[in-house]
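See below for the structure under consideration.
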Amino acid sequence: MLGLLGIGLALTAGIGLRIAAGALALMMAMMWAAEWPLASGSSNPVTDYHFIYAVVGVVLALTYAGHTWGLGRRWASLPLVQKNRWLI
């Protein structure tokens, strides 16, 4: 739950979107595997909300949504982030 909280805060604030998107995709894949829709008789065993959330997180990171709607520009201008570009 703390992982989901951290991902949600990063996506909401628009900081660290690359890391948040990767963590979100991994977490959603694990949550999808835990439910395993093929065994539960889901009407659509491939695409469910886990996949949609993962895709939305990756799209937010790839389009630099944090720079437009969040604190991404300020975050990117910090000296720590300038030295470690993977934190963007």
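Keep in mind that this is a model prediction, so the values were computed, not measured.
- A chain of hydrophobic side-chain contacts below 4.5 Å, direct or via other Ile, Leu, Val, Met, Phe, Trp or Tyr residues, connects I7 to M1.
- Put simply, CD1 on I88 and CD1 on I15 are 12.5 Å apart, with the number rounded to the nearest 0.5 Å.
- Residues Y49 and L26 fall into different hydrophobic clusters, defined by Ile, Leu, Val, Met, Phe, Trp and Tyr side chains chained together at heavy-atom separations under 4.5 Å.
- Rounded to the nearest 0.5 Å, atoms CG (L9) and CG (L4) are 11.0 Å apart.
- Here the CE-CE distance, from M31 to M28, works out to 4.5 Å after rounding to the nearest 0.5 Å.
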Donor-acceptor pairs under 3.5 Å, side chain of residues 53-63 to any protein atom, not counting sequence neighbours: which ones?
| from | atom 1 | to | atom 2 | distance (Å) |
| --- | --- | --- | --- | --- |
| T63 | OG1 | V59 | O | 2.8 |
| T63 | OG1 | L60 | O | 3.4 |

Got a list of side-chain donor-acceptor pairs under 3.5 Å for residues 74-85, not counting sequence neighbours?
| from | atom 1 | to | atom 2 | distance (Å) |
| --- | --- | --- | --- | --- |
| W75 | NE1 | L87 | O | 2.9 |
| S77 | OG | R74 | O | 2.8 |
| Q82 | NE2 | A76 | O | 2.5 |
| N84 | ND2 | L80 | O | 3.3 |

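- For Y64, the side-chain hydrogen bond (donor to acceptor under 3.5 Å, both in side chains) criterion is met by R18, not counting sequence neighbours.
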